[in-house]
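Report on one structure; see the data block that follows.
We use all heavy atoms of the structure for the numbers below, so side chains are in, but hydrogens, waters and symmetry mates are not.
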Amino acid sequence: HQGRYLFGGLLPISTFAALAWRELMQPLQGKVTGFLTAVLTISLAGANFMSDVQDKVTILVIGLLAMLLVIQPFLLTGSVDPIIVGAPSLLQRWFGWRYVRPLLPALRKLVWATPFLALLFLDFVIPFRYIVPQLGF
């Protein structure tokens, strides 16, 4: 309703969001945050099961974010091999395949760009989903 007052703060907010996402792309931080996000997802799903108070799409998005954060350190296998040492043997063999190893840097870049692509998608959806109906067209 009064979102115009937020426009001046968009640049600092987006800067801090980008810096936070950069930190989450660090291997150890990604694993810890992914685990905590998975715990949050399970807690929200349990609370939603007890009383239908939470939107299921929100729980799904948080769960996908948890999976993304847990998986992203494994995409560093070409540059930081100690990450893979504690991984299950099936996962170690899968990352060792010559067809998979060249794809990992591209997948890591795609994972890094995911929130920014989602924001771009929202930029296109929000005017037609929320603003135009308010204008009565």
Side-chain angles (χ1 to χ4, degrees):
H1 176 63
Q2 292 290 325
R4 65 177 180 253
Y5 297 119
L6 186 62
F7 288 154
L10 286 179
L11 184 61
I13 291 170
S14 61
T15 302
F16 285 119
L19 290 172
W21 188 248
R22 183 189 70 177
E23 288 303 311
L24 285 177
M25 288 289 109
Q26 302 300 324
L28 180 61
Q29 187 67 29
K31 285 181 183 179
V32 170
T33 309
F35 174 74
L36 293 174
T37 308
V39 169
L40 174 68
T41 304
I42 293 168
S43 301
L44 286 175
N48 193 39
F49 181 72
M50 296 297 185
S51 62
D52 195 25
V53 295
Q54 187 68 34
D55 183 24
K56 290 174 182 56
V57 175
T58 303
I59 297 172
L60 177 68
V61 169
I62 293 172
L64 290 174
L65 178 65
M67 287 182 8
L68 185 77
L69 288 172
V70 168
I71 289 173
Q72 68 86 16
F74 295 113
L75 301 177
L76 283 171
T77 56
S79 59
V80 185
D81 284 332
I83 294 171
I84 302 304
V85 171
S89 60
L90 177 67
L91 195 60
Q92 288 179 6
R93 277 185 277 137
W94 187 76
F95 283 128
W97 288 351
R98 63 181 176 162
Y99 299 112
V100 173
R101 202 175 263 292
L103 296 176
L104 296 178
L107 284 175
R108 179 153 175 85
K109 289 175 185 165
L110 180 66
V111 167
W112 183 84
T114 298
F116 304 109
L117 295 173
L119 288 173
L120 180 67
F121 174 73
L122 281 177
D123 283 342
F124 289 115
V125 169
I126 285 175
F128 300 106
R129 174 81 184 211
Y130 298 105
I131 295 175
V132 172
Q134 292 290 327
L135 298 175
F137 295 124

Check your understanding: Taking atom CZ of Phe116 as the centre, does the number of heavy atoms from other residues, nucleotides or ligands within less than 6.0 Å exceed 12?
Key -> yes

Point to revise | Separation between OG1 of Thr37 and CG of Leu64, rounded to the nearest 0.5 Å | key: 12.0 Å

Practice item. Identify whether Ile126 and Leu119 are in the same connected component of the hydrophobic contact network (ILVMFWY, side-chain heavy atoms under 4.5 Å). Key: yes

Practice item. Tell me whether Phe35 is reachable from Val32 by hopping between hydrophobic residues (I, L, V, M, F, W, Y) whose side-chain heavy atoms are closer than 4.5 Å. Key: yes

Check your understanding: At what distance, to the nearest 0.5 angstrom, does CZ of Phe121 lie from OG1 of Thr114?
Key -> 14.0 Å

Review point. If every non-hydrogen atom of Leu117 is compared with every non-hydrogen atom of Leu110, which pair is closest and at what distance?
Key: CD1-CD1, 4.5 Å

Check your understanding: Rounded to the nearest 0.5 Å, what separation is found between the NZ atom of Lys31 and the CG atom of Leu69?
Key -> 13.0 Å

Review point. Does Val70 share a hydrophobic cluster with Leu24, counting links as ILVMFWY side-chain heavy atoms below 4.5 Å and allowing steps through other members?
Key: no

Review point. So how far is it from Leu60 CG to Leu65 CG, rounded to the nearest 0.5 Å?
Key: 11.5 Å

Check your understanding: How close do Pro133 and Pro127 get, heavy atom to heavy atom, and via which atoms?
Key -> CD-O, 4.5 Å

**Study point:** Sequence-distant partners of Asp123, side-chain hydrogen bond (donor to acceptor under 3.5 Å, both in side chains), two or more places apart
**Key:** none

Practice item. Over all heavy atoms of both residues, which pair between Ala66 and Thr41 is shortest? Give the atoms and the distance, please. Key: CB-OG1, 4.4 Å

Review point. Do Asn48 and Lys56 have side-chain heavy atoms sitting under 4.5 Å apart?
Key: yes

